[in-house]
Number of protein chains: 4
Amino acid sequence: MSLGPRKTPKQGRARATYDAILEAAAHIIAGQGLAAFNTNAVAERAGVSIGSLYQYFPNKDSLMAALIQRQQEAQLATLQAAAEMIGSEKTLEKVVRSLVRAAMQHHRENDLLASAIDHEEARLPVDALLSSYLEKAGAVVEVMLERFQHEIPSIMPKVAARTLPALVRSVTDAWANLRPPQLEKAEEEAVRAVLGYLRIGGE
Amino acid sequence: MSLGPRKTPKQGRARATYDAILEAAAHIIAGQGLAAFNTNAVAERAGVSIGSLYQYFPNKDSLMAALIQRQQEAQLATLQAAAEMIGSEKTLEKVVRSLVRAAMQHHRENDLLASAIDHEEARLPVDALLSSYLEKAGAVVEVMLERFQHEIPSIMPKVAARTLPALVRSVTDAWANLRPPQLEKAEEEAVRAVLGYLRIGGE
Amino acid sequence: MSLGPRKTPKQGRARATYDAILEAAAHIIAGQGLAAFNTNAVAERAGVSIGSLYQYFPNKDSLMAALIQRQQEAQLATLQAAAEMIGSEKTLEKVVRSLVRAAMQHHRENDLLASAIDHEEARLPVDALLSSYLEKAGAVVEVMLERFQHEIPSIMPKVAARTLPALVRSVTDAWANLRPPQLEKAEEEAVRAVLGYLRIGGE
Amino acid sequence: MSLGPRKTPKQGRARATYDAILEAAAHIIAGQGLAAFNTNAVAERAGVSIGSLYQYFPNKDSLMAALIQRQQEAQLATLQAAAEMIGSEKTLEKVVRSLVRAAMQHHRENDLLASAIDHEEARLPVDALLSSYLEKAGAVVEVMLERFQHEIPSIMPKVAARTLPALVRSVTDAWANLRPPQLEKAEEEAVRAVLGYLRIGGE
DNA sequence: AATGAATGAGAATTCATTCAT
DNA sequence: AATGAATGAATTCTCATTCAT
C-alpha cells in the first residue's frame, strides 16, 4: 500500500483542497483522538467531498503519513521562528526558556495529535521521513546552541534535537494535565530539565 | 458508558480467561498498533468466543482501560523490583541507570503498546487511575532518591517524583521508537536527562 | 486475497444462510448480469444481513468462486442424471442429444449466469477447480461413449472426454445467448457438432 | 440511454483519440477482466483526459457497445484476410486449418475480452449489431465454402458463421488451458471438430 | 476540443455488540 | 458460563459523470 500522496497539486484550487484536508485531519485528531479520525469526518470538516479526499490520498494511511510530515514541518517552522526571535538573547537559560515556551504552546494545544503521531510513526513505514526531520531539526538546534558551546561542550546537536522535544513534552504533560493545570510549574520543571540535560556534559 | 470491568474474577478458570483476553489485547496492539485492535481479533487470539469477552468487559473501551491499568501495575512492579535490587547502590548515577533500565524494559518491543496507551490515556476518562499510579510510582522514586539528598539539595522529592517517571518514559520513547530502535542511545540520553534534571538544583 | 470460503458451516442455521447467499448471487447474475452483482444486493435478496455474507465469504471474489464451484457441481449432477436416464438408448445420436440437452438445461434462462461464469473463470485463479470439473465430467462422458466404440473407432475416449463438454458448452452458448435465444437451433447445432466431431475419425 | 457514440470522427486527431480510447478499453478488459474496466482507467491508459472520453462516448455502456462493434469488425477483417490467403487451397481440410489458426491466435490472446464481450452482448441491447455481423461473416464463410459445396451440401453459411468461432474457441480453450498447454492437440481437435461439423450434413 | 478537479451515490468491507441456544 | 451466528451502522474506497476553465 502506497503511502505517498496520489497527486501533488500545483495550482490554486487543488492546493487549497489538499491543505484543507490535512488541516481537517489535524483538527479532528487533536480534538477527539485517533478513534474519531475517519475519512468521512475529515472530508466533511474540510468542506470537500469524500471523492476529493481520495483524489489526493490513495488511502487513509497515506493521509496520516502526510499529516505526520506536515506536523514535522510545522514543528520545524516553530523551531526556526524561535531561533530567529531569540537571536539576541544573552544567556542560555533565556534561550532555553523561549524554546520551552514555544514547545509548550505547541504541545498543550495538540496533546492528542502529538501522541497520535507518536503512535502512527511507529506503526507506519515512515522512517525516511523521520530521519529527514531529525536531520533538519538538528541543524536548527545546532545553530541555536553553538553560541553557548563553552557552557555545554559535550552536546551533540543532532542528538539533542531528538531528546529535547520529548523531554519538554513529557515534563509539560506531567504538570499540565493536573487539575487545575500547573502551567508555571510546568515551565519551571521543563526549563530545569533541559538545562540540566544540556549542562551535564560539562561535569 | 462504564469503563470498569463487568466482573473482576479473582481466581480459577474465569481469572485465566480474563487474563488471556488482556494478554491478547496487549499482543495485538504491540504487534500491529491501535488500528488492528478490535474485539473480534482479541477474542480469537485469546482463544475465547466473542461472547465470553463481553462477559468480562462491557465494551471495547473498558478493555482498553483494563489494559492501561494492567500496564501500570506491571510498570509499578518492575519499579519496585528495581528499587529493591539497588538498595545497596552507592552512587546516584547507578541508581538512576537502574531506574531507567526498569522503565525501558517495558518499552522493548512494546513501543506500539506504550504509545497506544499514551494516546488512550489522554482520550479516556482514566484520570483517577493515572493519578493513583503516579502517586504510587512517585512514592517509590522518592524513597530511592532520599539517600542522595546531599547531592541534590534543591530537589523537592515529591516534585521530582512526579517529573521523573514522565521524563524517563518520554526520552526512552523518543529513541526506542526509531527504526531500528536505538536502545543504547535511549538509555544514555535518559540517564543524562534525569541526572541533569536532578543535579541542576545544586548550581 | 483468499478465494476460499471463510468458514464452512456444518449446522442447520449456518448452512441455510450459506446456501441462501449463493442462491441469491446466482439469481441476480442470471437475471441482471455481472454489472448488477454486488454484495449488498446479494445479501438483501438472500434475506440476510451484509455482515452475515462476510462471515462466510471473505470478499466478493470468493463468493464468485464458490458460485463457480456450485455451478460445476450442478452441471455434473445433471450430466450424471442424464447418463443414468439414457442407459438404454440404442443410437449414438440419441445419446448425444440427451447429453446436449442436459448441458443446455443449465443455460435455459441462465445465459447471463453462464457467460458470467465463463468470464470469471478466466479472470480468477480457479484452475484447479476447473481441471477437477473437467476430469469428472470427462469420466462421465467416457462411460457414455464406451458402448459406441464400433461407430467411432478412431476416437480416444479420454481425448473426446475433454473436448466434448467444452464443445457442447460453447456451441450452446453461441446460440442461446442471442435475443431471443434460439434454443432449438442451439440444440441442432450442438448435436451436429458433437456427432461430426465423433464420427470424423471414421472417414 | 443512448448506446451510440456521441460522434464518430472520421479522420484526423479526433479519430486517433477515439481509437486510442477503444484500444485502451480492449487492453484493460483483455488483461484484467470486466471488473477492472472503468472509464477513468480507460482514459488514463488511452492518454486522454476523462473529459475527452465523454466527448466521444455519452456513457460507459456506449463505450462497451463500440468495443463490441470493433471486435466484430476485427474478427471480420481476420476472416477476410484468411479468405484471401487461402484462395488457392485445394482441400477443405487445409482451408479449415487456416481458419482455425487465425481464430486461435485471435482468441488465445483475448480470452478475457472474448468472454467479456459474450457477456455484454447478452446484457446490452445490441441485437442489431450482432445480426449485422453475423450477416457479413456468413457471407465471407459462404464464399470460402462454396468451392466445396459438393463436400458439405447442407451447410447454411450464416448459421455456420455463428457456430464455427464458438466451436474453435471452446476446443482451443479446453486444450490450451492445460498445463503445459497442448497447442498442437488443440489445433488438431479444433480442425477435427470443424470438419466434422461441416461434413456431417452430407451423411 | 480538451482538461482535470470535483462530486456523491453506491459498493466493498469492518467490527462492536446482541442474543438465541 | 460459554458459544458463535447474526446484525447493521459505520467506515473505507470506487467510479461514472459533470462542469468550470
Side-chain angles (χ1 to χ4, degrees), chain A residues 6-7 9-18 35-43 47-61 63, chain B residues 1 7 9 12-14 17 35-44 48-63, chain C residues 6-7 9 11-18 35-44 47-61 63, chain D residues 1 7 9 12-14 17 35-44 48-63:
Chain A
R6 188 167 264 166
K7 32 175 156 173
K10 287 291 181 207
Q11 290 129 352
R13 189 165 49 143
R15 180 77 213 175
T17 298
Y18 184 90
F37 169 55
N38 69 70
T39 54
N40 286 300
V42 169
V48 303
S49 71
I50 184 65
S52 288
L53 187 152
Y54 280 91
Q55 294 269 349
Y56 296 102
F57 303 95
N59 51 60
K60 192 185 176 185
D61 278 352
L63 174 51
Chain B
M1 182 195 299
K7 46 188 173 185
R13 190 155 52 118
T17 298
F37 168 55
N38 68 70
T39 54
N40 288 290
V42 169
E44 189 180 11
V48 304
S49 71
I50 184 63
S52 289
L53 186 152
Y54 278 89
Q55 298 271 337
Y56 293 101
F57 303 95
N59 51 58
K60 193 188 179 186
D61 278 353
S62 74
L63 173 52
Chain C
R6 189 166 261 162
K7 33 175 157 172
Q11 289 128 353
R13 189 165 51 143
R15 181 75 214 177
T17 298
Y18 184 90
F37 169 54
N38 68 69
T39 54
N40 287 295
V42 169
E44 189 177 10
V48 304
S49 71
I50 184 63
S52 287
L53 187 153
Y54 279 91
Q55 295 269 348
Y56 295 102
F57 303 96
N59 50 59
K60 192 185 176 185
D61 278 352
L63 173 51
Chain D
M1 181 192 300
K7 44 190 170 184
R13 192 155 48 118
T17 299
F37 168 54
N38 69 70
T39 54
N40 287 291
V42 169
E44 190 181 12
V48 304
S49 71
I50 182 64
S52 289
L53 187 152
Y54 277 89
Q55 298 270 338
Y56 294 100
F57 303 94
N59 51 59
K60 193 187 179 187
D61 278 353
S62 73
L63 174 52

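Computed from a prediction, not measured in an experiment: that's the story for all the values here. To find a chain, count down the sequence lines: A is the first, B the second, and so on, and within it residues start at 1.
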Self-check item: A/Asn59 CG to E/dT13 C1', straight-line distance once rounded to whole Å
Solution: 15 Å
Practice problem: Tell me which of D/Thr39 and D/Gly51 sits closer to the 5' end of DNA chain F, going by the nucleotide each one is nearest to. | Solution: D/Thr39
Quiz prompt | From D/Leu63 atom CG to D/Leu53 atom CG, the distance as rounded to the nearest 0.5 Å | solution = 6.0 Å
Quiz item: What is the pairing partner of F/dA16, taking Watson-Crick or G-U wobble pairs with both distances under 3.5 Å in any strand?
Solution: E/dT7
Practice problem: Please determine, for E/dT21, whether a Watson-Crick or G-U wobble partner exists with both distances under 3.5 Å, and give it or none. | Solution: F/dA2
Self-check item: Atom-to-atom span, CD of C/Gln55 to P of F/dG8 - whole angstrom
Solution: 13 Å
Exercise. Using the ring of D/Phe37 (Phe, Tyr or Trp, six-membered ring only), decide whether D/Lys60 places NZ or CZ under 6.0 Å from its centre and within 45 degrees of its axis.
Key: yes
Exercise. Send over the distance from C/Phe37 CZ to E/dA12 C1', rounded to a whole Å.
Key: 11 Å
Quiz item: Mapping C/Pro58 and D/Val48 onto DNA chain E by nearest heavy atom, which one lands closer to the 5' end?
Solution: D/Val48
Exercise. Would you mind classifying the nucleic acid contact of A/Leu53 as base, sugar-phosphate or nothing, using non-hydrogen atoms under 4.0 angstrom?
Key: nothing
Quiz item: Roughly how far, to the nearest 0.5 Å, is the OH atom of C/Tyr54 from the OG1 atom of C/Thr39?
Solution: 3.5 Å
Self-check item: Closest non-hydrogen atom pair, C/Ala41 against C/Ala36
Solution: CB-O, 4.3 Å
Practice problem: Report the residue (A/Asn38 or B/Thr17) whose heavy-atom-nearest nucleotide on DNA chain F is the more 5′ of the two. | Solution: B/Thr17
Quiz item: Considering only side-chain heavy atoms of A/Ser52, which listed nucleotide, E/dT7, F/dT17, F/dT7, is closest?
Solution: E/dT7
Practice problem: Nearest whole angstrom, please: distance from the P of E/dT18 to the CZ of B/Phe57. | Solution: 16 Å
Quiz item: Taking CG from C/Asn40 and C1' from E/dA12, how many angstroms apart are they, rounded to a whole number?
Solution: 7 Å
Quiz item: Separation of D/Lys60 atom NZ from F/dT14 atom C1', in whole Å?
Solution: 11 Å
Quiz item: Between E/dA5, F/dT14, F/dA16, which one does the side chain of A/Tyr54 approach most closely?
Solution: F/dT14
Quiz item: Atom CG of B/Leu63 to atom P of E/dC15: distance rounded to whole Å?
Solution: 15 Å
Exercise. Hey, could you give me the CG/CZ distance between C/Asn59 and C/Arg6, rounded to the nearest 0.5 Å?
Key: 8.0 Å
Quiz item: Under 4.0 Å between a side-chain N/O of A/Tyr56 and OP1 or OP2 of E/dA6, yes or no?
Solution: yes
Quiz item: Nearest to the side chain of A/Ile50, which nucleotide is it out of E/dA12, F/dT7, F/dC13?
Solution: F/dC13
Quiz item: Is any side-chain nitrogen or oxygen of B/Ser49 closer than 4.0 Å to OP1 or OP2 of F/dG4?
Solution: no
